[in-house]
Amino acid sequence: MITPFDKNHKYDLIIIGSGAAGLTAALVASIQGCNVLVVEKSNVIGGTTARSSGTVWIPNNSLQQTFGFEDSKAKAMSYLDSLVGEKADKLLRESFIDHAPIMIDYLIKNTAMKFKPYVSSPDYRQDHPGAASGGRPLEPQPFDGRLLGSMFKIIASPLEVLMLFGGMMITRMEAAAIIKFNLTSFKVGAKLMARYLLDRLKHHRGTRLVLGNALVGALLKELTTRKVCFLLEVDTKKLLMNESGDVFGIQVVMNSENINISATNGVVLAGGGFPSNHQKYQEFLPRPTPLYSPAFEGCQGETIDLGLAVGGVLGKSGLDNTLWFPSSVLYKNNGDVLVYPHIVLDRSKPGLIAVNSDGSRFVNEAVSYHEFVRAMYRTNAHTASIPSILICAKGFIWKYGFGLIRPRTISLSKYIKQGYLYEANSIEELAKKVGVNPMNLSHTIHKFNSDVTTGHDSDFAKGENVYDRSNGDPNHYPNPCLGSINGPPYYAIKVYPTPLGTSRGLVSNEYAQVVNSRGIPITGLYVCGNDMQSVMGGEYPGAGAQIGIAMTFGYLAARHSSGSM
C-alpha cells in the first residue's frame with residue numbers, strides 16, 4: 001500500500017515524475033536512507049516506461065560477460081564518440097559509460113530486481129566502430145503483479161495494440177514461439193492463456209508483467225517495501241528557492257489549496273520530456289509535425305518548464321529534438337485512435353518494402369525505428385514521404401503479421417473497411433489507392449524482386465549487417481531480410497512519424513545537476529530521463545538507450561543529492 005502523504009513531513013528528496021528515471025532516483029535515495037516523496041500528476045505510475053519494451057542499454061555491464069560478450073569502456077566510448085561526436089558533451093556520455101554498469105550492479109545487490117542480457121540484440125548503428133553484436137541491452141525479468149496487492153491497479157497499462165485479448169502481455173520471443181504452430185508453441189500459448197484467464201477472474205488485466213510493465217512493477221514493489229511516499233493526481237505549480245538561489249522544495253495544488261513541501265536534499269525533475277505536447281512540437285520538432293504519439297499522454301514538458309523558471313537552460317537544438325517510431329494509425333468507429341509503432345516485427349522481415357509518393361524505396365527498411373523516420377524526413381525535403389507506404393503480399397501478412405494485424409489472421413476485411421489496410425489486385429491499382437506513382441512502383445517492386453533472387457539489395461544493402469539480420473527471419477535464405485513481393489493481392493499500410501520520447505531538455509552536469517546559463521549548478525535541482533538534454537545528442541545507439549541513460553542519471557541524482565557521490 002502507498003505510504004500516506006503528510007503535508008507537515010519534511011522529506012529529504014522529492015522526485016517529480018514516475019517513469020524509469022524518477023523511480024530509480026527514488027529507489028536509490030531510499031536505499032541510501034533518505035525519506036523520499038514521488039509526485040505524479042496522473043493517477044497511474046510508470047509513464048512512457050510502462051508502455052515500452054523496458055530494455056535497459058548498459059554497455060560493459062557485468063551480466064553480459066556470463067554470455068561470453070567482451071566489452072570495455074574503451075569500446076563503448078569509441079562507439080559513442082563516433083556516433084555522437086560534437087552533438088553532445090563528451091563528459092556526460094563518459095559519466096554514463098562509467099556509472100551505468102555500477103548502477104545495474106547496485107540495484108542487483110540491494111534489491112530483488114533481475115535482468116538478463118539480450119544475446120541477439122545488436123547496437124543499432126553497426127556502421128560505427130565499437131558497435132556491439134549483443135549483450136549491452138538488458139531485459140527486465142517477468143514480474144508477478146499480484147505481489148503488489150491493491151497497488152497493481154495503479155501501474156500504467158501497456159499500449160492496447162501490444163496486448164492480446166485486451167490485457168495479456170507477452171514478450172517478443174514468446175510471440176515468435178507461439179506463431180510457429182507446433183507442439184512447443186501450443187504449450188507456451190496454453191500456459192500463458194491459463195494464467196491470463198485465472199487473472200481475469202480477479203483483476204482488470206493480466207498480472208504477469210513483462211517488458212516495461214515488469215520494470216515498473218519491480219521498481220514499485222521495492223519502493224513500497226521501503227515506504228516511499230507517492231502523491232498522485234497532483235500538479236506541481238513551482239519550485240521553491242531560497243535567497244541564495246538554492247532549490248529546497250515544491251509548491252503543489254491539492255484540493256484548490258497551494259501547499260509547500262520541503263526537501264532537504266532537493267528536487268529531481270523526471271517528467272518524461274514533451275513527446276505528447278503538440279504545442280511544443282510546433283516550436284521544437286521538424287515539419288510536418290506529428291499528429292500522434294505512442295508516448296504517455298502526461299509527458300507534456302511541464303517539468304522542463306519548472307526548471308527553466310528557476311534559471312535552468314535548454315540544450316542546443318539538434319537534428320530533430322526527438323526520438324522516433326514510424327507508426328500506423330487506425331481510427332475506430334467510437335472515435336478512438338490506435339497508434340501502432342512499427343518497431344521490428346514487420347519492417348525487417350523478408351517480403352516488405354517502404355516507398356514514398358514517387359513509388360520509390362528511400363531507405364533500408366530494416367534500420368532502427370529512429371533512423372527509419374529520419375529517412376522519411378530527409379527524403380520528404382524533395383519527395384513527399386510522409387506518410388510512407390509499407391507494401392507486402394498476402395503470404396507476408398499470414399506469416400509475420402502487418403502492423404495491427406496479427407499473424408495467421410484469416411480475414412483482413414475489417415482492417416480494409418476501417419481504412420487501415422489497402423488491398424488491390426495489381427500493383428498499379430494499389431499505387432492509385434495509396435497515392436503513389438503507379439509506373440515507378442511497378443518498376444520498384446520488379447527491381448526489388450530481382451535483387452531477392454541474388455540475396456543482395458543493390459539499393460540499400462538490406463540484411464547485410466548483424467542488426468538487420470537479428471530482426472529478420474532466421475529460417476529464410478540466403479538473406480533473412482529479403483523476400484519477393486508476389487501477388488495478387490497486394491497490400492499496403494501508411495506510416496507516420498510519431499515521437500516516442502524527446503531529446504531536447506535541461507542542460508545538466510555529469511552528476512545530473514541542472515546548470516544555469518553560466519554552467520553553474522543550481523544547488524538542490526537535478527534532472528534525469530527525457531527532461532534532461534540528450535546525453536547522446538539525439539542519436540539512438542541501441543535498444544533501451546533511453547531507459548539505460550534515464551536510470552543511470554536517476555541513480556547519479558540520488559547518490560549526489562544524498563552526499564554519497
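These numbers were taken from a predicted model, which means no experiment stands behind them.
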Exercise. Of Val535, Val507, Val84, which meets side chain to side chain contact (heavy atoms under 4.5 Å, CB included) against Leu92?
Worked result: Val535

Examine distances only and state if a side-chain atom of [X] and a backbone atom of [Y] form a donor-acceptor pair shorter than 3.5 Å.
| X | Y | value |
| --- | --- | --- |
| Lys153 | Ser150 | yes |
| Arg51 | Gly47 | no |
| Asp346 | Gly403 | yes |
| Arg146 | Thr207 | no |
| Asn258 | Val253 | no |
| Arg136 | Asp123 | no |
| Tyr540 | Ser368 | no |
| Asn213 | Ala50 | yes |
| Arg559 | Val28 | no |
| Ser18 | Gly46 | yes |

Is there a side-chain contact between [X] and [Y] in this structure, where contact means two heavy atoms from C-beta onward sitting under 4.5 Å apart?
| X | Y | value |
| --- | --- | --- |
| Leu330 | Tyr340 | no |
| His370 | Asp320 | yes |
| Tyr292 | Leu338 | no |
| Leu291 | Val337 | no |
| Lys280 | Thr502 | no |
| Val161 | Val339 | no |
| Phe96 | Trp57 | yes |
| Leu215 | Met113 | yes |

Note: [X]-[Y] ion pair, threshold 4.0 Å (strictly below):
| X | Y | result |
| --- | --- | --- |
| Asp199 | Arg208 | no |
| Arg195 | Asp144 | yes |
| Arg504 | Glu283 | no |
| Glu160 | Arg205 | no |

Quick one: closest heavy-atom pair of [X] and [Y], and the distance?
| X | Y | result |
| --- | --- | --- |
| Ser508 | Val527 | CB-CG1, 3.7 Å |
| Pro499 | Leu285 | CG-CD2, 4.0 Å |
| Leu556 | Ser95 | CD1-OG, 3.6 Å |
| Val38 | Gly17 | CG1-O, 3.8 Å |
| Ala550 | Gly529 | CB-CA, 3.7 Å |
| Val268 | Cys528 | CG1-SG, 3.7 Å |

Verify the neighbour count for atom [atom1] of [X]: are there more than 12 heavy atoms of other residues, nucleotides or ligands below 6.0 Å?
| X | atom1 | answer |
| --- | --- | --- |
| Lys73 | NZ | yes |
| Gln251 | CD | yes |
| Phe69 | CZ | yes |
| Asn334 | CG | yes |

Exercise. Pick one: which of Ser293, Ser328, Ser327 meets side-chain hydrogen bond (donor to acceptor under 3.5 Å, both in side chains) with Thr498?
Worked result: Ser327

Problem set entry | With Phe274, the ring-ring contact (aromatic ring centres under 6.0 Å, His included) member among Phe284, Tyr281, Phe296 | Phe284

For this session: Test Leu164 against Tyr196 for side-chain contact (heavy atoms from CB on, under 4.5 Å), laying out the working first.
Result: CA-CA 10 Å; Leu164 299 178; Tyr196 176 64; over 6 Å; no

Distance from [X] atom [atom1] to [Y] atom [atom2], nearest 0.5 Å?
| X | Y | atom1 | atom2 | answer |
| --- | --- | --- | --- | --- |
| Tyr467 | Ser121 | OH | OG | 7.5 Å |
| Leu138 | Ser62 | CG | OG | 8.5 Å |
| Asn260 | Leu240 | CG | CG | 4.5 Å |
| Glu222 | Asn110 | CD | CG | 9.5 Å |
| Gln533 | Asn321 | CD | CG | 7.5 Å |
| Ile58 | Thr552 | CD1 | OG1 | 4.5 Å |

Exercise. Does the separation of the ring centres of Phe553 and His99 fall below 6.0 angstrom?
Worked result: no

Problem set entry | Ring centroid separation Tyr124 to Tyr369 under 6.0 Å | yes

Exercise. Which is it for Leu506 and Leu308 under the side-chain contact (heavy atoms from CB on, under 4.5 Å) test, yes or no, and what are the steps along the way?
Worked result: CA-CA 8 Å; Leu506 295 167; Leu308 294 175; 3.7 Å; yes

Exercise. What's the verdict on side-chain contact (heavy atoms from CB on, under 4.5 Å) for Glu510 and Asp98, showing C-alpha distance, side-chain angles and the deciding distance?
Worked result: CA-CA 11 Å; Glu510 69 271 30; Asp98 283 338; over 6 Å; no

Exercise. Under 30°, 30 to 60°, or over 60°: which ring-plane class applies to His204 and Phe152, parallel, tilted or perpendicular?
Worked result: tilted

Exercise. Would Leu269 and Ile304 count as a side-chain contact (heavy atoms from CB on, under 4.5 Å) if you check the C-alpha gap in whole Å, the side-chain angles of each, and the deciding distance to 0.1 Å?
Worked result: CA-CA 7 Å; Leu269 303 175; Ile304 294 176; over 6 Å; no

Exercise. Salt bridge (charged side-chain N to carboxylate O under 4.0 Å, His left out) with Lys41: which of Glu302, Glu297, Glu233?
Worked result: Glu302

